[in-house]
Amino acid sequence: MIQANNLKKYFGAVKAVDGVSFSAENGKITGLLGPNGAGKSTTLRMLYTAFKPDSGSATIDQFDITREAESVRASIGVLTHGAGIYERLSARENVRYFGELHGLTGAALNKRIDQLAELLEMQDFIDRRAKGFSQGQKTKVALARALVHGPRNVLLDEPTNGLDVMATRGLRKVIQRLKDEGHCVLFSSHVMQEVAALCDQIVIISGGLVAANGTPDELRASTGKDNLEDAFVSAIGSEEGLV
Ligand SMILES: Nc1ncnc2c1ncn2[C@@H]1O[C@H](COP(=O)(O)OP(=O)(O)OP(=O)(O)O)[C@@H](O)[C@H]1O
């Protein structure tokens with residue numbers, strides 16, 4: 001469970017995040033939707049403790065992101081924007097390394113890696129060195145790494161970036177499964193269709209502010225639009241930067 005309260009982060013004159021509040025529940029998929037530069041990544045970076053907020057606060061499973069950052073980090077799995085992986089290691093070694101950092105070892109860790117390789121359809125490259133991996137293969141490794149310790153909360157920054165149609169479908173299945181298992185899933189996207197297809201709760205961000213927040217039905221009702229994509233555009237006031 002993630003709760004953000006009036007988070008703010010400025011970079012000089014740029015108000016990247018200017019008072020963002022929302023909650024993301026367990027067993028639900030929450031989408032942060034907004035055009036490029038809206039403040040999605042900066043919001044996620046504060047939540048996964050890479051940046052301290054200038055003001056405001058947030059909790060993840062009751063842990064405060066500023067005062068209890070270690071506990072927050074233990075209870076989240078994160079797919080960062082443009083996630084890097086170690087090219088000299090194989091996919092399996094990349095995932096194992098992160099599992100070990102989270103205290104997993106031995107047979108339990110091997111079993112978990114095999115499960116993830118099956119779930120993410122990584123079997124044909126799991127033992128190859130990561131140098132030269134396609135974008136989709138890299139994203140799968142980064143995702144397996146984010147999920148290896150079975151985190152209760154999963155934060156994904158633009159997870160379908162660079163994925164082809166099949167890989168995107170695979171990722172959707174993974175996200176649905178995490179939801180069904182009761183995880184809290186929060187992901188950012190500027191792709192309207194993706195958010196419309198997956199999310200139980202949608203937080204629309206524009207110019208560092210929450211422009212609208214609700215279930216798909218609530219967003220349709222509040223904007224008076226039948227079509228969810230029209231509702232998004234209406235909430236933001238423009239379709240610029242959305243796909
Ligand atoms: N480290 C930084 N230094 C300076 N400005 C930054 C920094 N990080 C973000 N910004 C600025 O803050 C604003 C919000 O950026 P952010 O990356 O959060 O947007 P976003 O919604 O994730 O966009 P995108 O979809 O393009 O990834 C942008 O104007 C960006 O240029």
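As the structure lists them, so they are numbered: ligands from 1, and atoms in each ligand from 1.
- No salt bridge links E93 with R96; every basic N to acidic carboxylate O contact stays at or beyond 4.0 Å.
- A salt bridge does not link D18 to K9: none of the charged nitrogens lies less than 4.0 Å from a carboxylate oxygen.
- Counting heavy atoms closer than 4.0 Å to ligand 1, residue P35 contributes backbone atoms (N, CA, C, O) but none from C-beta onward.
- Atoms of ligand 1 found under 4.0 Å from any heavy atom of E158 (numbered from 1 in listed order, with element): 25 (O).
- At a threshold of 4.5 Å between non-hydrogen side-chain atoms, the residues I204 and V210 do not count as touching.
- Using a 4.0 Å cut-off between charged side-chain N and carboxylate O, D114 and R92 make a salt bridge.
- None of H149, H102, E100 except one satisfies the side-chain contact (heavy atoms from CB on, under 4.5 Å) rule with L109; the exception is E100.
- When only non-hydrogen protein atoms are considered, atom 14 (C) of ligand 1 lies nearest to G37 O, 3.4 Å.
- Ring geometry, F51 versus F11: the interplanar angle exceeds 60°, so the pair is classed perpendicular (tilted spans 30 to 60°).
- Closest to atom 27 (O) of ligand 1 among all protein heavy atoms lies S41 OG, 3.8 Å.
- For the pairing with V17, the side-chain contact (heavy atoms from CB on, under 4.5 Å) check across N6, T43, L209 returns one residue only, T43.
- Not one N or O of F51 is nearer than 3.5 Å to an N or O of ligand 1, by distance alone.
- Ligand 1 has no N or O atom lying under 3.5 Å from any N or O atom of A16, backbone or side chain.
- With a heavy-atom cut-off of 4.0 Å, V14 touches ligand 1 through its side chain alone.
- Between the side chain of D61 and the backbone N or O of M1 there is at least one donor-acceptor pair closer than 3.5 Å.
- Near T42, meaning under 4.0 Å from one of its heavy atoms, ligand 1 places the atoms 9 (C), 15 (O), 16 (P), 18 (O).
- Shown in contact with N36 at under 4.0 Å from a heavy atom are these atoms of ligand 1, numbered in order with element: 23 (O), 24 (P), 25 (O), 26 (O).
- Counting only heavy atoms of the protein, atom 25 (O) of ligand 1 lies nearest to K40 NZ, 2.9 Å.
- Residue, atom and distance of the protein heavy atom nearest to atom 19 (O) of ligand 1 are G39 N, 3.2 Å.
- Between R45 and ligand 1, no pair of N/O atoms sits closer than 3.5 Å.
- In this structure, D157 does not pair ionically with K40, as no charged nitrogen and carboxylate oxygen lie closer than 4.0 Å.
- Among all non-hydrogen protein atoms, the one lying nearest atom 6 (C) of ligand 1 is F11 CD1, 3.3 Å.
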